[in-house]
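As structure tokens, the structure follows; a few thoughts come after it.
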Amino acid sequence: MSNSINDEKIPLESSLEKHLSEQETEDEGREPTELELKTLRHVSETIPLRCWLVAIVELAERFSYYGLSAPFQNYMQNTPQDSPKGVLGLNQQGATALSYFFQFWCYVTPIFGGWIADTYWGKYKTIFVFCIIYIVGIFILFITSLPSITDRTTALGGYVAAIIIIGLATGGVKSNVSPLIADQIPKTRAIIKVLKSGEKVVQDPNITIQNVFMFFYLMINIGSLSVIATTQLEAHVGFWAAYLLPFCFFFIAVLALILGRNQYVKVPVGDKIINKTFKCAIVGIKNGFSLDAAKPSLHPDKEFPWNDHFVEEVKRSVYACKVFVFYPFYWVVYGQMLNNFVSQAGDMELHGLPNDILQAIDSIAIIIFIPICERLIYPFIRRFTPFRAITKIFWGFMLGSSAMVYAAVLQHFIYSAGPCYDHPKACAPQYANVPNHVHVAIQAPAYFLIAMSEILASITGLEYAYTKAPVAMKSFIMSMYLLTTAIGSALGIAMSSTSEDPKLVWTYTGLAGACFIAGCLFWICFHHYNDKEDELNKLEFIDEDEFAKEADLVPVTTFPHSLRSLA
């Protein structure tokens with residue numbers, strides 16, 4: 001009897017398993033319905049290995065950039081007789097102004113780098129050429145910092161020449177590396193995927209891009225840990241040693257470019273795509289700021305050299321550029337970490353630490369919390385509500401404002417402590433190298449708050465700049481986003497006269513208020529963009545085959561093999 005029952009049970013189970021297997025097969029790879037898009041969990045695609053090679057380039061470049069810039073404030077502000085030691089003796093105002101100039105220059109030049117890449121060379125060749133220029137700039141900085149062959153005048157001339165060359169090279173690399181890493185992700189639509197557990201999920205390319213930029217930003221901050229090494233070398237060996245390490249390390253970026261030259265997906269240059277975009281925009285401006293006036297379908301007599309889809313992509317780019325308008329206020333806040341925070345630490349008890357090493361807290365916090373956000377926090381939030389880009393950026397502004405509130409309270413605490421109170425190290429000659437009695441570790445939360453704000457505001461800005469740019473203008477639109485950093489640095493230069501004791505409490509308070517107001521205005525102006533995000537992202541696929549054919553934009557995976565073709 002039992003055998004008979006088992007004989008009947010086995011076919012029934014097999015039939016059920018077969019039915020479920022067929023159902024899973026039917027679901028796998030199909031487009032989700034609107035209901036499924038709203039109710040199913042969204043997951044990322046697998047990130048290709050070639051992304052890692054691009055990430056190594058960025059890691060090496062950021063290792064060099066942050067490794068060099070971390071000692072800059074001491075190098076500029078102090079003299080060899082001061083504590084901490086320096087070289088140029090420009091005081092805090094002069095050093096802060098020149099620091100902001102360096103940031104300004106580094107983030108203006110991406111406009112040039114993006115234009116070169118999108119119009120003439122493509123992203124890969126542009127990155128390679130500017131990496132070579134980068135190496136030249138670091139070498140000049142290293143040579144002119146050697147105490148045995150230079151003096152203050154030579155060091156100042158070499159420093160200015162070096163930061164101009166390095167800033168130019170930074171622009172060429174920064175405007176192209178993040179679009180290049182995102183180019184390595186195949187352009188796909190959202191599909192249904194059935195996991196081994198049997199759960200149906202939506203494999204969402206937007207989540208993939210989000211994760212790629214978080215991964216990209218993780219590499220940036222792993223590279224920026226170079227500040228630990230270079231600040232120690234600065235303190236215990238000399239500035240020349242702090243600059244030699246980034247010079248040597250940068251060759252890893254060149255090696256990664258050469259090794260990956262046949263693996264990278266490279267989007268060829270469009271036909272003067274940026275010129276065409278500006279012509280399209282001018283037509284819209286002349287017709288009451290309506291880009292619909294540039295659509296060939298509405299005005300066939302005009303014989304425009306583009307199609308309707310191109311006009312829609314220009315509209316999408318305008319959306320992105322509008323969102324960037326408030327970012328300069330955020331970057332002024334971020335810039336405090338690279339100059340005034342360093343000077344603030346110099347007025348506190350260091351207990352054997354370099355005053356510029358605490359920048360590493362920012363990087364370490366980002367390295368720890370990016371995976372936590374990717375794996376835990378963001379998926380948890382998405383179970384209840386879409387965590388859209390505009391929402392993330394708003395909270396990034398709020399955390400940036402919080403960092404300045406903390407810095408203002410800390411500065412008041414420093415001014416309340418002896419021996420020199422609101423004129424640290426300046427109340428009497430015998431206290432010239434004696435800080436106020438406040439432990440430098442209390443500064444750590446300010447760096448942590450900035451780190452969390454970066455995860456929300458800075459990473460999301462990179463993602464927004466890439467996803468909302470036309471396929472042939474990724475580098476140029478990215479450079480427009482980076483330009484907001486330059487504008488923030490210009491604001492910082494204008495504010496540099498307040499970077500002195502006893503004004504710093506009001507400096508940080510003013511920045512906190514400005515960032516908070518900017519964040520609120522940002523939300524008021526752009527929160528409705530959250531509702532349009534899916535619609536804007538779909539433009540990547542509307543008539544894309546026709547547009548790519550027209551613009552001659554077919555991704556390739558190989559370049560000529562000669563080294564000459566790389567330069």
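Values below: all heavy atoms of this structure, side chains included; hydrogens, waters and symmetry mates excluded.
Side-chain contact of Asp151 with Thr154: a donor-acceptor pair under 3.5 Å is present, judged by distance alone. At a cut-off of 3.5 Å, with distance as the only test, a side-chain donor of Tyr415 or Asp501 sits close to an acceptor on the other residue. Ser496 and Thr96 share no donor-acceptor pair across their side chains, judged by distance under 3.5 Å alone. Checked by atom type, the side-chain pair Gln73/Asp356 shows no donor-acceptor distance below 3.5 Å.
Residues passing the side chain to side chain contact (heavy atoms under 4.5 Å, CB included) test with Tyr481, sequence neighbours excluded: Phe324, Tyr327, Trp331, Ser458, Leu462, Ala465, Met478, Thr484. The salt bridge (Lys or Arg N to Asp or Glu O under 4.0 Å) check on Glu500 picks up Lys503, with sequence neighbours excluded. The side-chain hydrogen bond (donor to acceptor under 3.5 Å, both in side chains) test applied to Thr509 returns no partner, not counting sequence neighbours. Evaluation of the disulfide (SG to SG under 2.5 Å) rule for Cys373 yields no partner, not counting sequence neighbours.
Seen from the ring of Tyr120, Lys125 does not count as a face-on cation partner, given the 6.0 Å and 45° thresholds.
Evaluation of the ring pair (Phe, Tyr, Trp, His ring centres under 6.0 Å) test over residues 134-161, restricted to residues two or more places apart or in two chains, returns Phe72-Tyr159, Tyr75-Tyr159, Tyr134-Phe250, Phe139-Phe247. Among residue pairs with one or both ends in residues 474-523, none qualify as disulfide (SG to SG under 2.5 Å); sequence neighbours excluded.
Within the 6.0 Å centre-distance limit, the rings of Tyr65 and Phe102 are counted as a close aromatic pair.
In this structure, the side chain of Thr144 does not engage the main chain of Ala155 through any donor-acceptor pair within 3.5 Å. Remark: side-chain polar atoms of Gln443 are paired, donor with acceptor, to backbone N or O of Phe341 under 3.5 angstrom. Under the 3.5 Å distance criterion, the side-chain polar atoms of Gln93 are matched with a main-chain donor or acceptor of Ser497. Between the side chain of Lys85 and the backbone N or O of Gly238, no donor-acceptor pair lies under 3.5 Å.
Shown are Leu504, Asn340, Thr507; of these, the side chain to side chain contact (heavy atoms under 4.5 Å, CB included) with Gln411 is made only by Leu504. Looking at Phe516, Tyr334, Tyr330 one by one, the single match for ring pair (Phe, Tyr, Trp, His ring centres under 6.0 Å) with Phe397 turns out to be Tyr330.
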Quiz item: How far apart are the C-alpha atoms of Ser343 and Asn339, what are their side-chain angles, what is the distance that settles it, and do they pass the side chain to side chain contact (heavy atoms under 4.5 Å, CB included) test?
Solution: CA-CA 6 Å; Ser343 300; Asn339 43 60; 5.9 Å; no

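Relative ring orientation between Phe130 and Trp121 is described as tilted, the plane-to-plane angle lying within the 30° to 60° band.
Here the straight-line distance linking atom OH of Tyr100 with atom CG of Leu338 works out to 8.0 Å at 0.5 Å rounding. Taken to the nearest 0.5 Å, the CE atom of Met404 stands 11.0 Å off from the CG atom of Leu410.
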